[in-house]
Amino acid sequence: MAKDILAAMIEFDDSSKFTGVSNSNFDVFEGALARAKAMMQEYSDDKYIKMLVAPEYYFSGYASKAKTNHIDSLSKGSKSDIYSGLRRASRQYPNILIVAGTIAYTKGGGCFSSASYLSIAPILAGGNFLLKKYKVGNDKYQTDDAFSTKTSDSTFSYKGLTFGIDICLDHNNRILKNSLGGKTVDVHILISDGSSPSPGSLATNKSGGGAVVFCNMTSVNKGKGVNGIMSVSPNKWGNLNVDVNSRTQVAKTGQALTGGFHIALYSGQA
């Protein structure tokens, strides 16, 4: 039986004005979560799976330079503070599945080790972490420290559904799909700063069904896809593809919130 999903997404009309969220301005994220809660208030917690989804690099020092994006990573201590804030926020809104974008952070760099840069996507519900997914591939946005990764799961279960996640270019490299060993997920989450859902990389049911929850840093990205919850079906070559026409935007904030972004609410089924 299909389950109804609502996903409130943090979106930017112009990401060049975004400078990132960190532990020092975590209240920006809390404001987004409060607005998402208000937008979903009229929908039953029992009937709907409710989500707040942020894009890749939401927690970072984000800047646009020379027509490309540059990521200044946060400290490991800042990451720990963000974790504490996320747990607190998740306890305050226990019926919202929080996909908190990614945290770009640096560790090491002392007398006995060189600095390394990592990007991790934390996912929480009810005050608990359901997944901490490390990005596998280096997108070369970070120029100061060497990219690194850690082994991490790509899937989690929530309210009877199996979710899987890709982070930007990991999707093109089929990181989630290849990790499943032929199995599938009900909901394929893709958080991004440029990549979009790609036939051959989707990991939902091979005969169709399931859904893709796609949140890019820029909501409409020059032909590279649009944010939303989209159904999935095989194309004429037998590869899964998203049906953009299945995308339903329920509401969007009229004015940008503190931090320069909107909250857009999408509905779908998996």
Side-chain angles (χ1 to χ4, degrees), residues 5 7 9-12 15 51 53-60 68-69 71 97 99-104 118-123 131-142 147 149-156 161-206 208-235 237-244 246-247 266 268 270:
I5 301 174
M9 297 191 185
I10 295 174
E11 299 183 344
F12 296 83
S15 61
M51 305 174 66
V53 188
E56 183 184 24
Y57 297 127
Y58 181 73
F59 288 102
S60 70
T68 188
N69 298 325
I71 306 303
L97 175 65
V99 182
T102 64
I103 305 171
L118 304 95
S119 185
I120 186 170
I123 299 175
L131 189 71
K132 297 177 182 178
K133 172 60 183 174
Y134 279 91
K135 189 174 185 180
V136 174
N138 184 8
D139 51 28
K140 305 186 187 302
Y141 282 171
Q142 167 56 255
F147 179 82
T149 188
K150 292 183 179 180
T151 301
S152 57
D153 291 333
S154 297
T155 63
F156 64 95
L161 295 181
T162 301
F163 290 73
I165 185 169
D166 272 324
I167 303 171
C168 203
L169 290 178
D170 285 354
H171 181 64
N172 300 74
N173 295 324
R174 303 184 180 183
I175 296 300
L176 171 60
K177 185 174 182 179
N178 290 342
S179 74
L180 296 174
K183 296 181 181 180
T184 59
V185 296
D186 299 307
V187 181
H188 188 147
I189 301 169
L190 173 57
I191 55 174
S192 178
D193 187 19
S195 292
S196 60
S198 174
S201 295
L202 297 176
T204 55
N205 191 301
K206 296 178 179 61
V212 170
V213 175
F214 173 48
C215 183
N216 189 52
M217 177 64 77
T218 304
S219 56
V220 179
N221 189 32
K222 296 180 180 180
K224 293 184 178 180
V226 290
N227 287 355
I229 305 173
M230 289 161 278
S231 61
V232 180
S233 60
N235 61 19
W237 295 283
N239 290 320
L240 292 175
N241 205 356
V242 295
D243 178 6
V244 177
S246 67
R247 170 183 178 266
Y266 299 94

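Nothing fancy with the numbering, it's 1 onward along the sequence.
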Give the C-alpha distance, both sets of side-chain angles, the deciding distance and a yes or no for side chain to side chain donor-acceptor pair (under 3.5 Å) between S152 and K132.
CA-CA 7 Å; S152 57; K132 297 177 182 178; over 6 Å; no

Stepwise side-chain contact (heavy atoms from CB on, under 4.5 Å) check, L176 with D166:
CA-CA 6 Å; L176 171 60; D166 272 324; 3.2 Å; yes

Would you say S201 and K177 make side-chain contact, with heavy atoms under 4.5 Å?
no

Do Y58 and I10 touch side chain to side chain, with heavy atoms closer than 4.5 Å?
yes

V213 pairs by side chain to side chain contact (heavy atoms under 4.5 Å, CB included) with which of L190, V187, V99?
V187

Name the one of N205, T162, I5 that satisfies side chain to side chain contact (heavy atoms under 4.5 Å, CB included) with D186?
T162

Hey, what do you get for [atom1] ([X]) to [atom2] ([Y]), rounding to the nearest 0.5 Å?
X    : Y    : atom1 : atom2 : result
Y134 : S119 : OH    : OG    : 10.0 Å
Y266 : M9   : OH    : CE    : 6.5 Å
I123 : L131 : CD1   : CG    : 5.0 Å
Y57  : M217 : OH    : CE    : 9.0 Å
D193 : C168 : CG    : SG    : 6.0 Å
L169 : I175 : CG    : CD1   : 10.5 Å

How are the rings of H171 and H188 set relative to one another: parallel (under 30°), tilted (30 to 60°) or perpendicular (over 60°)?
perpendicular

Are K135 and T149 close enough that a side-chain donor and a side-chain acceptor fall under 3.5 Å?
no

Take N172 and S198 through the test side chain to side chain donor-acceptor pair (under 3.5 Å) and record every step on the way to the result.
CA-CA 7 Å; N172 300 74; S198 174; 5.0 Å; no

Are L97 and F163 close enough, and set up right, to give a side-chain contact (heavy atoms from CB on, under 4.5 Å), and what steps lead you there?
CA-CA 11 Å; L97 175 65; F163 290 73; 4.1 Å; yes

N216 and G194: which non-hydrogen atoms are nearest, and at how many Å?
OD1-N, 2.7 Å

From CA spacing to verdict: side-chain contact (heavy atoms from CB on, under 4.5 Å), V53, I191:
CA-CA 8 Å; V53 188; I191 55 174; 3.9 Å; yes

